[in-house]
2 protein chains.
Amino acid sequence: MNAGVTSTRTPVLAVSTVIFTLRPDAAGEMRLALPLVRRIRAPHQGKWALPGAPLKANEDLQASAASSLLSTTGLEPRYLEQLYAFGQVDRSPDRVVSIVYWALIGSDETASAIESENVQWFFADEVPELAFDHNVIIEYALWRLRSKIEYSRVALGFLGETFTLAQLREVYEVVLGKRLDPGNFRRMVESASIVEPTGEYLEGTRHRPPQLYRYNASKDLTDPDPLTLGTTSTRPNARDLGAAS
Amino acid sequence: MNAGVTSTRTPVLAVSTVIFTLRPDAAGEMRLALPLVRRIRAPHQGKWALPGAPLKANEDLQASAASSLLSTTGLEPRYLEQLYAFGQVDRSPDRVVSIVYWALIGSDETASAIESENVQWFFADEVPELAFDHNVIIEYALWRLRSKIEYSRVALGFLGETFTLAQLREVYEVVLGKRLDPGNFRRMVESASIVEPTGEYLEGTRHRPPQLYRYNASKDLTDPDPLTLGTTSTRPNARDLGAAS
DNA sequence: GTCGTAAAAGTCAGACTGACTATAAGTGAA
DNA sequence: TTCACTTATAGTCAGTCTGACTTTTACGAC
């Protein structure tokens, strides 16, 4: 046995990404899915893991997340945000601190995805046992997605340039795991002016053609990094507590 | 000149902490304050900076934040949570990725604080020009504190074991920078059952003695780490969007 | 034309919020 | 002892938001 691998080595930095999309299952139901890659070296060789790579010396963190994601899965996310830095001493035989990003991509943009024996899509509720603490990481990313969809516009990260309200609602329904009332959803979306109508209508439906929408401020969707703090507005739904005056 | 220091060295990991407390200014007004330490070596020698230290090989991230905070400032925070990992290539002449924590401590617990020529308290709105990107980091920590106080119980991190509703309200007022209606504040706090009355009353006031409260679930206050995900409840104020059934 | 379907608009009662008023319970001063 | 003062505590009320529900509209298929 190789006895020397202790956890007291100088910490190494890696950047990984949890990237979600929506895909239909066998029954045609839309479900949350994410790509995993098979580890090709020890530790945990052969197990599935999040896409990622060691941090390069001349690369910013977010750029590192994007580039390692692109090179291992072929995906370029529409939304990308830092999730958390995982650094428990015992999370790997080596001392690895993983700075994890989470990302969203539209179903229509996953066509370019690499799919092979070593890169595959999994439904979020059918993730196998992964390498390291990656199962915990995915759980946390899911929690963050579900929380954030309620007060921000991240849902748009799943959709293309234009979309119908029914499509947008479906995103919410899949992520939150419950049905939403179409009327109330429309009211919410319109009052929050998250999106605006394009004036065009979707054709080819079996019924009245739904209006197409686009989002107003695509800026708001990307890069909520503290690095852009000055330009970030406060959350739309933030409430006051017993405010006076 | 030393010409060789490029930013392409292998990344180094540091852990720093923004720790807030409430202290009275000269006029007796409570204000947000935080301790800074003077850098004793290059780069940015002599400038003020956040307390921190390189990550030790055998220390978890949060433990590293706590221990470096204790050794440089003498403070042991009541609330400690990861803030963000800062890793821009150009944020330091060396390549340093800083995993930053943010913390709260009660005014009554800052007595043990080291104060010297090289460790001093600053009001949050009077922070001088700091080393590295630490000004940006503090801005972000402030934003996070103000956001989080609205939907969580972090405010309790500023207070001792027991407190009056007026004291709790003052924390909110200072952090949010606006006055709150006492009656509405009481209603909010009671309906959210954030705290419970102890049955005791504060003495020595010039008026009717206010009841003392303590918090219900001190568990909820500490460690919102994803590492404890299973036990974390969802946010109390999280709202649904046009939910049906 | 009629039917079926989903879009889009409207209704309504209950909960919540912010502003405000009223009462109660102490201390210090007269 | 009594009064004045301050703050705790309780209550009121109108406006807004929310979830459930109903109605109307506009299209394709037949």
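Order of the sequence lines sets the chain letters (A, B, ...), proteins ahead of strands, with each chain counted from 1. These values consider heavy atoms only, across backbone and side chains, with no hydrogens, waters or symmetry-generated copies. In this text, all values refer to a predicted model and were calculated from it rather than measured experimentally.
To the nearest angstrom, P of dT17(C) lies 13 Å from NZ of Lys178(B). If you take CZ of Arg179(B) and C1' of dT7(D), they are 13 Å apart, rounded to a whole angstrom. Between Glu203(A) atom CD and dA7(C) atom C1' the separation is 16 Å, expressed in whole Å. Between the CZ atom of Phe185(A) and the P atom of dC17(D) there is a distance of 18 Å, given to the nearest Å. Atom pair Leu168(A):CG and dA8(C):C1' shows a separation of 16 Å (rounding to whole Å applied). Rounding to whole angstrom units, CG of residue Leu202(B) and C1' of dA25(C) are separated by 14 Å. Straight-line distance from the CE atom of Met188(A) to the C1' atom of dT16(D): 17 Å, rounded to whole Å.
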Could you write out each protein N or O paired with an N or O of nucleotides 8-12 of chain D at a distance under 3.5 Å?
unit_1, atom_1, unit_2, atom_2, d
dA8(D), N3, Arg208(B), NH1, 3.1
dT9(D), OP2, Arg186(B), NH2, 2.3
dT9(D), O5', Arg186(B), NH2, 3.1

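Residues meeting the side chain to side chain contact (heavy atoms under 4.5 Å, CB included) test with Pro197(A), sequence neighbours left out: Gln211(A), Tyr213(A). In this view, Tyr201(B) satisfies the ring pair (Phe, Tyr, Trp, His ring centres under 6.0 Å) rule with no residue, not counting sequence neighbours. With sequence neighbours excluded, no residue satisfies side chain to side chain contact (heavy atoms under 4.5 Å, CB included) with Ser191(A). Every residue two or more places apart in sequence or in another chain that forms a side chain to side chain contact (heavy atoms under 4.5 Å, CB included) with Thr72(A) is listed here: Val37(A), Pro51(A).
A distance of 10.5 Å separates CG in Leu50(B) from CZ in Phe132(B), rounded to the nearest 0.5 Å.
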Anything under 3.5 Å between a donor and an acceptor, one on a side chain of residues 20-27 of chain B, the other on a protein residue two or more places apart or in another chain? List them.
unit_1, atom_1, unit_2, atom_2, d
Thr21(B), OG1, Ile105(B), O, 2.9
Asp25(B), OD1, Ala27(B), N, 2.9
Asp25(B), OD1, Gly28(B), N, 3.1
Asp25(B), OD1, Glu29(B), N, 2.9
Asp25(B), OD2, Arg31(B), NH1, 3.3

